[in-house]
Amino acid sequence: MAIISSRPQPANSEDPPPAKVGKKASSSPIQTPKTDPSLPNRELLPKAAIGEETQEAKIRPQRLVDYIGQKDLKGVLQISIAAAQGRKDPLDHLLLYGPPGLGKTTMALILAAEMGTNCQITSAPALERPRDIVGLLMKITAGDILFIDEIHRLSRMTEELLYPAMEDFRLDITIGKGQSAKIRSLPLPPFTLIGATTRVGALSSPLRDRFGLIQRLKFYELDELTTIIHRTAGILPVNITPEGAMEVARRARGTPRIANRLLKRVRDYTQVQQAPQITKELAAAALELLEVDPLGLDWLDRSLLKIIIEHFNSGPVGLESLAAALGEDIKTIEEVCEPYLLQIGYLQRTPRGRVATEAARKHLGY
Ligand code: ADP
């Protein structure tokens with residue numbers, strides 16, 4: 001079982017705080033899941049928050065058989081794993097893309113477990129300075145997986161250091177400055193880079209081209225999300241009826257992270273109501289209270305659609321005007337709200353801007 005380490009980083013460490021994960025797959029500890037320097041020092045976290053994180057680690061599937069849905073992706077990766085193991089090579093570099101919460105990080109950890117290797121987890125904002133990536137690459141051992149989240153946000157210099165590392169397992173370091181500067185090449189052990197992004201189009205093409213496999217994660221079907229909810233309910237543990245699980249799944253926007261989050265909130269509601277199990281009615285009542293509607297749209301999704309319909313005559317409206325009217329960040333609209341609204345056909349992207357569809361108007365009672 002995975003344990004999250006709460007060891008603080010050394011105060012004078014120059015290196016980014018890489019997270020060593022899953023030493024040799026079987027029983028070893030999993031450490032801090034994301035190396036975001038903006039995260040609070042875990043030592044300062046209240047006990048309840050640490051408990052939640054440990055619970056997160058328990059809920060996260062550990063092996064490919066536990067990873068529900070994404071049949072095509074699993075099929076492709078099963079072949080890659082078998083082929084790489086047959087050759088005793090590391091996996092090819094892999095780029096996973098899709099909206100947040102669909103299981104990109106989880107898949108990277110599972111691949112490390114299946115290959116019996118370590119996984120170092122970091123994200124592009126933690127690799128701002130070239131020495132950050134150099135520090136990480138120097139620590140890599142043969143066969144390791146390096147997972148970089150939000151890889152579209154890498155700085156140019158970091159990206160350029162990655163090119164020879166990915167292609168020839170070589171680190172080119174510049175020593176000195178100006179005319180006396182020299183490039184020294186250091187050999188690296190063979191490793192696998194797994195990049196994750198919500199915006200594959202924002203990746204530079206030289207970086208994209210260096211991935212042997214590029215795979216999209218899809219929104220989950222209702223039955224898959226229902227299975228995920230039953231699995232999580234078993235781990236928490238909490239009693240839930242099949243209809244209750246389906247009600248939560250229906251409102252989870254095709255996303256496991258949201259499904260698990262909603263389940264926890266519904267559990268709290270059921271507990272306060274002193275009910276023995278989560279039923280369809282209790283799930284619906286709890287989620288109404290949280291303003292999550294029967295299709296999973298929350299306050300922000302509905303406000304976005306309402307603004308397009310009421311202020312811009314259902315569109316088309318440019319993203320910037322929409323963000324200004326909504327008082328939201330463009331990225332949140334693009335990466336969090338839009339993918340699902342596009343998927344269910346409530347929003348259209350046209351060359352002249354965003355349009356709210358007839359289905360969206362109907363759903364909101366216009
Ligand atoms: P991403 O990296 O794409 O943002 P994560 O891998 O962090 O998403 O997944 C979010 C959570 O959803 C995980 O903690 C895990 O519990 C759950 N999850 C994701 N994919 C699956 C899956 N295929 N089966 C079961 N649970 C999943």
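All values reported here derive from a predicted model rather than from experimental measurement.
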Kindly compute the distance separating [atom1] ([X]) from [atom2] ([Y]), expressed to the nearest 0.5 Å.
{"X": "Cys119", "Y": "Ile194", "atom1": "SG", "atom2": "CD1", "answer": "6.0 Å"}
{"X": "Gln343", "Y": "Arg253", "atom1": "CD", "atom2": "CZ", "answer": "11.0 Å"}
{"X": "Lys104", "Y": "Phe147", "atom1": "NZ", "atom2": "CZ", "answer": "7.5 Å"}
{"X": "Glu338", "Y": "Thr332", "atom1": "CD", "atom2": "OG1", "answer": "11.0 Å"}
{"X": "Thr279", "Y": "Ile240", "atom1": "OG1", "atom2": "CD1", "answer": "9.0 Å"}
{"X": "Leu127", "Y": "Leu136", "atom1": "CG", "atom2": "CG", "answer": "6.0 Å"}

Heavy-atom pair with the smallest gap, counting every atom of [X] and [Y]:
{"X": "Ala84", "Y": "Pro90", "answer": "CB-O, 3.9 Å"}
{"X": "Ser185", "Y": "Arg170", "answer": "OG-NE, 3.6 Å"}
{"X": "Ala249", "Y": "Ile229", "answer": "N-CD1, 3.4 Å"}
{"X": "Tyr340", "Y": "Gly254", "answer": "CE1-N, 4.0 Å"}
{"X": "Ala233", "Y": "Leu263", "answer": "N-CD2, 3.7 Å"}
{"X": "Pro99", "Y": "Leu217", "answer": "CD-O, 4.3 Å"}

Ignoring hydrogens and angles, tell me if any N or O in the side chain of [X] forms a donor-acceptor pair with the backbone of [Y] under 3.5 Å.
{"X": "Asp301", "Y": "Asp298", "value": "yes"}
{"X": "Thr227", "Y": "Asp223", "value": "yes"}
{"X": "Thr226", "Y": "Leu222", "value": "yes"}
{"X": "Ser321", "Y": "Val317", "value": "no"}
{"X": "Gln62", "Y": "Arg60", "value": "yes"}
{"X": "Thr270", "Y": "Val266", "value": "yes"}
{"X": "Thr357", "Y": "Gly345", "value": "yes"}
{"X": "Glu310", "Y": "Ile307", "value": "no"}
{"X": "Thr255", "Y": "Ile258", "value": "no"}
{"X": "Asp268", "Y": "Arg265", "value": "no"}

Salt bridge or not for [X] and [Y], using N-O below 4.0 Å?
{"X": "Arg302", "Y": "Asp293", "answer": "yes"}
{"X": "Glu247", "Y": "Arg250", "answer": "yes"}
{"X": "Glu160", "Y": "Arg156", "answer": "yes"}
{"X": "Arg257", "Y": "Glu56", "answer": "no"}
{"X": "Lys74", "Y": "Asp72", "answer": "no"}
{"X": "Arg210", "Y": "Glu159", "answer": "no"}
{"X": "Asp144", "Y": "Lys139", "answer": "no"}
{"X": "Asp66", "Y": "Arg63", "answer": "no"}

- Distance-only polar pair, side chains of Tyr97 and Gln215, donor-acceptor under 3.5 Å: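 No pair is found: no donor N or O on one side chain lies under 3.5 Å from an acceptor on the other.
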- Do Glu335 and Thr198 have side-chain N/O donor and acceptor atoms under 3.5 Å apart?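 Distance-only check passes for Glu335 and Thr198.
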With the 4.5 Å side-chain cut-off for hydrophobic clustering, are [X] and [Y] part of the same group?
{"X": "Ile173", "Y": "Leu161", "value": "yes"}
{"X": "Val238", "Y": "Leu225", "value": "no"}
{"X": "Leu137", "Y": "Met157", "value": "no"}
{"X": "Leu109", "Y": "Leu111", "value": "yes"}
{"X": "Leu64", "Y": "Tyr220", "value": "yes"}

Side chain to side chain, [X] and [Y], heavy atoms closer than 4.5 Å:
{"X": "Ile110", "Y": "Pro61", "answer": "yes"}
{"X": "Val200", "Y": "Leu95", "answer": "yes"}
{"X": "Thr141", "Y": "Thr117", "answer": "no"}
{"X": "Val76", "Y": "Leu213", "answer": "yes"}
{"X": "Lys218", "Y": "Gln70", "answer": "yes"}
{"X": "Lys264", "Y": "Ile59", "answer": "yes"}

Is the count of non-hydrogen atoms from other residues, nucleotides or ligands lying under 6.0 Å from [X] atom [atom1] greater than 12?
{"X": "Lys280", "atom1": "NZ", "result": "no"}
{"X": "Glu320", "atom1": "CD", "result": "no"}
{"X": "Glu128", "atom1": "CD", "result": "no"}

- Start with the C-alpha gap between Met138 and Leu186, add the side-chain angles, then the distance that decides, and say whether side chain to side chain contact (heavy atoms under 4.5 Å, CB included) holds. CA-CA 9 Å; Met138 299 283 281; Leu186 302 173; 3.9 Å; yes
- Task: With sequence neighbours left out, write down each residue that passes ring pair (Phe, Tyr, Trp, His ring centres under 6.0 Å) with His363, or none if nothing qualifies.
- Result: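 Once residues adjacent in sequence are excluded, the partners of His363 under the ring pair (Phe, Tyr, Trp, His ring centres under 6.0 Å) criterion are Tyr346.
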- Message: For Leu91 and Ile81: C-alpha separation, side-chain torsions, deciding distance, then whether side chain to side chain contact (heavy atoms under 4.5 Å, CB included) applies.
- Response: CA-CA 7 Å; Leu91 285 170; Ile81 292 169; 4.2 Å; yes
- Task: Scan residues 164-216 for pairs that pass ring pair (Phe, Tyr, Trp, His ring centres under 6.0 Å), counting only residues two or more places apart or in two chains.
- Result: His93-Phe191, Phe169-Phe191
- Ile278 and Asn239: side chain to side chain contact (heavy atoms under 4.5 Å, CB included), yes or no, with the steps? CA-CA 6 Å; Ile278 300 172; Asn239 282 330; over 6 Å; no
- Query: Where do Tyr163 and Glu167 land on the side chain to side chain donor-acceptor pair (under 3.5 Å) test, with the steps shown first?
  - Reply: CA-CA 6 Å; Tyr163 297 158; Glu167 224 160 26; over 6 Å; no
- Query: Who passes side-chain contact (heavy atoms from CB on, under 4.5 Å) against Arg153, sequence neighbours left out?
  - Reply: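 Per chain and number, Arg153 pairs via side-chain contact (heavy atoms from CB on, under 4.5 Å) with Ala124, Pro125, Glu150.
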- Carefully, step by step, assess Leu297 and Arg251 under the rule side chain to side chain contact (heavy atoms under 4.5 Å, CB included). CA-CA 7 Å; Leu297 305 194; Arg251 298 179 190 230; over 6 Å; no
